[in-house]
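Below is one structure, written out as structure tokens, with a few remarks after it.
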There are 2 protein chains.
Amino acid sequence: MAAKSGRAPGKRPQRTRMPSQAPGDAQPLSLERIVATAIELLDAEGVDGLTMRKLADRVGSGAMSLYWYVDNKETVFDLALDSVLEYRGLPQDADRQDWRGDVVHMLEDWRASMLRHPWTTSLLPRRALGPNMLHRLELLSRTLVTAGVGHAELNAAIWSLWNHVMGATITRASFGFSDDDMAAAQQRLTRLGEQYPTIESAQLLLDSDWDGAFRKGLGFLLDGLPLR
Amino acid sequence: MAAKSGRAPGKRPQRTRMPSQAPGDAQPLSLERIVATAIELLDAEGVDGLTMRKLADRVGSGAMSLYWYVDNKETVFDLALDSVLEYRGLPQDADRQDWRGDVVHMLEDWRASMLRHPWTTSLLPRRALGPNMLHRLELLSRTLVTAGVGHAELNAAIWSLWNHVMGATITRASFGFSDDDMAAAQQRLTRLGEQYPTIESAQLLLDSDWDGAFRKGLGFLLDGLPLR
DNA sequence: AATTGACTCGTACGACGTACGAGTCAATCA
DNA sequence: TGATTGACTCGTACGTCGTACGAGTCAATT
């Protein structure tokens, strides 16, 4: 999270200087624009592709200008991560008695948000709790409470669901996606087939119905939750 | 896993050159020693603390000598990660009918291995499947099969357990550990208390009985697994 | 005695994050 | 009106990183 430094702009009073060019040609620099551009860049080139110099280029400024809005590169990561995790809420056509459906919706949306930006999965291991993340946790807890999860089990329940999302998403993002990867994994596995017969015959890495496995496993977990 | 390059030493025939100094003073360079030292360095200074130059210093060689044994820095990470995940197996006093106990043992050992080396959690998001990892997956699958998990549910069950371990371990390693961190989190949470009443009253981040939550959540999951 | 091949490493290059301080210009004040 | 301020921009420079390249060393082999 790493708050902005003391000298950072806080509430800027108003943008007064007009862009010298035609409007749209070069918008003024701003934290929002930096974060948005960082996300673009991360989507396009991955974690290692984000460089302060490249980011500045895209934004149309000198590299050091970014540091007026941001303490350091780490902050850019933090802000980009939390920005991508904004939750738009349950659909309003949802059946309000169906807590299970609510949980599934929240968690699938969460996972989908991250998979839309695979770099999130390598960023998460550090500092994950921005305001959007907290908001998601709050909604989830509330749903569980109304579903009847007892006070003594609430935290374990929350963390279990969190773990399911985290684990599944990180795994999905680091395997899969490219068929080449899968082919390579297949080769390695069948070459080592006699050492790992069970996972080989189960096609663990190849039958890549990740979405189905996510939903199924989530079902197991919800089935196992003790409700009062 | 990124195999070693073609020119790398394969099976070295034998170490023939004698160390010029007294033995123990400076052992010969070797892949094993490089990996072991990398783990030391990672334990001591974390992911960012591992540089090829520092590693070479510790190992007592020039930086470029490492590249005889290793393709690049990435491979050092891969090898260190998998090396730390070696599984010593179930204790032989274990009750052989107790599949649940077996699973719990495996997964707690897995989690403990990673928490002993917290940097593993930030490395995992990329390329996680070394031979030791595969071995663990194989054992886990076998246990689930004998426990009665049906063929159609096997993969989802494996991934769910994997997700639980991954999620819990990564989370545990990125929060917690330092009391200062927790104090900071507490402050932020209570400051935002009115926005997040449920997770605040549940002490989600503060009641940090991580081990208990891990075991409890694992229990939920195992309770929910469909056995034939 | 010459050759090979396993291994070591000094030097150098390009890229990175960012400290520093000098610049620009609108708004404010005298 | 002229001087001052403060918000913002950015060129330069430093130290550090991964690693390409090629020259070196030395034991074993021919």
Side-chain angles (χ1 to χ4, degrees), chain A residues 2 4-21 25-34 37-38 41-42 45-80 126, chain B residues 2 4-21 26-34 37-38 41-42 45-80 123 126:
Chain A
K4 292 178 289 184
S5 85
R7 79 194 205 286
K11 321 193 114 79
R12 259 150 297 115
Q14 185 100 344
R15 251 294 165 169
T16 44
R17 186 165 355 150
M18 295 301 288
S20 41
Q21 259 60 10
D25 175 306
Q27 312 160 40
L29 206 46
S30 76
L31 186 58
E32 295 76 32
R33 226 159 66 74
I34 290 176
T37 312
L41 192 51
L42 284 163
E45 311 197 23
V47 187
D48 295 338
L50 178 62
T51 296
M52 296 305 269
R53 292 178 226 251
K54 274 199 270 195
L55 180 53
D57 270 5
R58 279 218 186 202
V59 127
S61 79
M64 291 313 291
S65 305
L66 303 176
Y67 288 88
W68 181 259
Y69 300 89
V70 143
D71 271 1
N72 46 41
K73 195 184 177 182
E74 281 274 289
T75 342
V76 179
F77 280 137
D78 290 344
L79 294 170
R126 355 206 191 195
Chain B
K4 292 178 287 183
S5 85
R7 77 193 208 287
K11 321 194 114 80
R12 260 152 297 117
Q14 183 100 344
R15 249 297 165 168
T16 43
R17 183 160 3 142
M18 295 301 288
S20 40
Q21 260 58 10
Q27 312 161 41
L29 205 47
S30 76
L31 186 59
E32 295 76 30
R33 224 157 70 75
I34 290 175
T37 312
L41 192 52
L42 285 163
E45 310 196 22
V47 186
D48 294 339
L50 178 64
T51 65
M52 296 304 268
R53 293 179 226 252
K54 273 198 272 196
L55 181 53
D57 271 4
R58 278 217 188 201
V59 127
S61 79
M64 290 315 290
S65 305
L66 303 176
Y67 287 89
W68 182 258
Y69 300 89
V70 145
D71 270 0
N72 46 39
K73 195 185 177 181
E74 280 275 289
T75 29
V76 178
F77 280 136
D78 290 344
L79 294 169
L123 254 39
R126 357 204 188 198

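The chains referred to below are lettered A, B, ... by the order of the sequence lines, with proteins before strands, and numbering in each begins at 1.
- The side chain of A:K73 lies closest to C:dT18 when the candidates are D:dC17, D:dC8, C:dT18.
- Annotation for B:A80 and B:L42: closest pair CB-CD1, 4.0 Å, computed over non-hydrogen atoms.
- Out of C:dG17, C:dT8, D:dT19, the shortest distance to the side chain of B:M52 is found at D:dT19.
- Looking at the side chain of B:M64, the nearest of the listed nucleotides C:dA19, C:dG17, D:dC21 is D:dC21.
- Judged by closest nucleotide on DNA chain D, A:L66 is the one of A:L66 and A:R53 placed further toward the 5' end.
- Here C:dA22 sits opposite D:dT9 as a Watson-Crick or G-U wobble pair (both hydrogen-bonding atom distances under 3.5 Å).
- Computed from coordinates, the A:N72 CG to C:dA19 P distance equals 8 Å when rounded to whole Å.
- Residues A:L79 and A:L31 are in side-chain contact: their nearest non-hydrogen atoms beyond the backbone lie under 4.5 Å apart.
- The interatomic distance linking A:E45 (CD) with C:dA15 (C1') rounds to 14 Å, in whole Å.
- Contact annotation: the side chain of A:L29 approaches that of A:R33 to within less than 4.5 Å [non-hydrogen atoms, C-beta and beyond].
- Proximity of B:W68 to the phosphate of C:dT8: no side-chain N or O atom is located under 4.0 Å from OP1 or OP2.
- Of the inter-residue distances, the one linking B:E74 atom CD with B:D78 atom CG reads 6.0 Å to the nearest 0.5 angstrom.
- A:D48 places its CG atom 17 Å from the P atom of D:dC17, with the value rounded to the nearest Å.
- Look at CG on A:D71: it is 14 Å from C1' on C:dA19, rounded to the nearest Å.
- When the nucleotides D:dT9, C:dG17, D:dG11 are ranked by their closest atom to the side chain of A:Y67, C:dG17 comes out on top.
- Side-chain N/O atoms of B:S65 include none lying less than 4.0 angstrom from OP1 or OP2 on C:dC7.
- Atom-to-atom, CG of A:D57 to P of C:dG17 comes out at 12 Å; the value is rounded to the nearest Å.
- If you take CE on B:M52 and CD1 on B:I34, they are separated by 7.5 Å, rounding to the nearest 0.5 Å.
- Across the protein-nucleic acid pair, A:Y69 atom OH and D:dA7 atom P stand 12 Å apart, rounded to whole Å.
- Atom CG of B:L29 and atom C1' of D:dC26 are 16 Å apart (whole Å).
- Atom CG of B:L41 is separated from atom C1' of D:dC17 by 14 Å (rounded to the nearest Å).
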